[in-house]
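Every number for a ligand or one of its atoms is a count from 1 in the order of the listing.
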Amino acid sequence: MVSVQNLKKSFDDVQVLRGVSFECQPGDVVCIVGPSGSGKSTLLRCINHLETPDSGGIYVDGELIAYERHRNGRLIERKAKDIDRQRREVGMVFQRFNLFNHMTAAENVALGLVKARGIAKGAAHRMAEDALAKVGLANRGKAFPRELSGGQQQRVAIARALSMEPKVLLFDEPTSALDPELVGDVLAVMKDVAAGGITMLVVTHEMQFAREVANQAIFMDDGQIVERGRPADVLVNPQHERTCKFLSRVQ
Ligand code: ADP
Ligand code: MG
């Protein structure tokens with residue numbers, strides 16, 4: 001479903017992704033862990049066209065997302081076509097929700113349906129209410145973000161991403177900005193979403209969630225995948241010292 005091949009990305013002179021490769025199958029839940037600055041967000045942002053990689057391939061459901069490379073000193077470039085449509089097929093949930101504060105929860109969810117999918121306002125609103133009900137926010141569609149807790153706002157963001165019916169859903173530390181007592185509700189919604197069979201890539205430090213829900217774990221450090229495998233192996237019995245060190249700090 002997602003295939004990333006030798007992905008490289010630099011900002012100025014700093015190489016942030018140093019040849020990242022992995023694959024996952026439809027319905028997989030892949031959790032990505034690693035220290036701050038290791039390139040996790042940049043990896044997700046490349047998959048969602050928010051960053052352009054320097055080289056390497058990214059495919060989603062067999063379709064090219066981004067590819068650009070040099071051979072014999074010559075730039076050979078193939079770029080994804082139809083970026084707007086591809087963006088709709090890859091949803092993203094951010095650490096800081098990124099809701100529009102002047103719009104209600106339902107308006108936030110409906111916006112993409114109207115703008116990106118061309119659905120009529122009334123129908124989009126009904127779809128938004130349905131999507132909100134799925135994340136436990138039935139009847140909260142008229143609330144503005146400031147009237148909702150952080151956990152509820154994040155669930156609106158998840159409803160917004162889900163309503164677009166993406167093939168892949170990316171989560172970038174979705175619970176890191178929440179008060180501890182609100183984390184559980186958001187993780188429960190993510191667990192439900194995973195059970196629905198959508199492919200998910202989740203950057204998270206919630207180890208219990210990773211062990212319970214994910215079927216693949218990736219440990220990244222310094223722009224590279226250090227270790228990848230079943231969560232029970234990578235997160236419980238890591239083979240590499242860097243993984244051991246990191247895990248001893250987070251759990
Ligand atoms: P992580 O999500 O694992 O904490 P990031 O992907 O956010 O890591 O960042 C990896 C590195 O890339 C960091 O050193 C960060 O400062 C740098 N970086 C990320 N985005 C940019 C940017 N837009 N411009 C310059 N440097 C960036
Ligand atoms: Mg990050």
*Is atom 22 (C) of ligand 1 in close reach of the protein, with a heavy atom under 4.0 Å away?*
yes
_N/O/S from Ser36 sitting under 2.8 Å away from the Mg ion (ligand 2)_ = no
*Joint cluster assignment, Leu178 & Val93, ILVMFWY side-chain distance < 4.5 Å*: yes
*Among protein heavy atoms, which sits nearest to atom 9 (O) of ligand 1, and what does the distance come to when rounded to 0.1 Å?*
Thr42 OG1, 3.9 Å
_For atom 14 (O) of ligand 1, closest protein heavy-atom neighbour_ = Gly37 O, 4.3 Å
*asked:* Please tell me whether Phe246 and His240 form a close aromatic pair, meaning their ring centres lie under 6.0 Å apart.
replied: no
*asked:* I need the atoms of ligand 1 closer than 4.0 Å to a non-hydrogen atom of Val16, numbered in the order shown.
replied: 10 (C), 11 (C), 12 (O)
_Starting from atom 3 (O) of ligand 1, what is the nearest protein heavy atom, named by residue and atom, and what distance separates them?_
Lys40 NZ, 2.7 Å
*How far is atom 8 (O) of ligand 1 from its nearest protein heavy atom, and which residue and atom name does that atom have?*
Gly39 N, 3.2 Å
_For ligand 1 and Glu51, I'd like to know whether there is a polar contact (N/O to N/O, distance under 3.5 Å)._
no
*Check against side-chain hydrogen bond (donor to acceptor under 3.5 Å, both in side chains), Gln5 and Ser21*: CA-CA 4 Å; Gln5 299 166 7; Ser21 303; over 6 Å; no
*Are there protein heavy-atom neighbours of atom 16 (O) of ligand 1 below 4.0 Å?*
no
*Minimum-distance protein heavy atom relative to atom 20 (N) of ligand 1*: Phe11 CE1, 3.4 Å
_Test side-chain hydrogen bond (donor to acceptor under 3.5 Å, both in side chains) on Gln216 and Arg230; report intermediate values, then the result._
CA-CA 5 Å; Gln216 188 181 153; Arg230 294 185 315 151; over 6 Å; no
*Proximity flag Gly223 to ligand 1, non-hydrogen atoms under 4.0 Å*: no
_When you measure from the side chain of Thr104 to the backbone of Glu107, do you find a donor-acceptor pair of N or O atoms at a distance under 3.5 Å?_
yes
*asked:* A quick test of your reading: do over 12 heavy atoms of other residues, nucleotides or ligands sit less than 6.0 Å from CZ of Arg96?
replied: no
*Have a look at Gly34, Ser41, Cys46 and point out the one with the heavy atom closest to atom 7 (O) of ligand 1.*
Ser41
*Heavy-atom contacts with Pro35 under 4.0 Å: which atoms of ligand 1 show up? List them by number with element.*
3 (O)
_Pairing of Lys40 and Asp172 as salt bridge, 4.0 angstrom limit_ = no
*Could you tell me whether Arg126 atom CZ has more than 12 heavy atoms of other residues or ligands within 6.0 Å of it?*
no
_Joint hydrophobic cluster, Val60 plus Met92, side-chain heavy atoms closer than 4.5 Å_ = yes
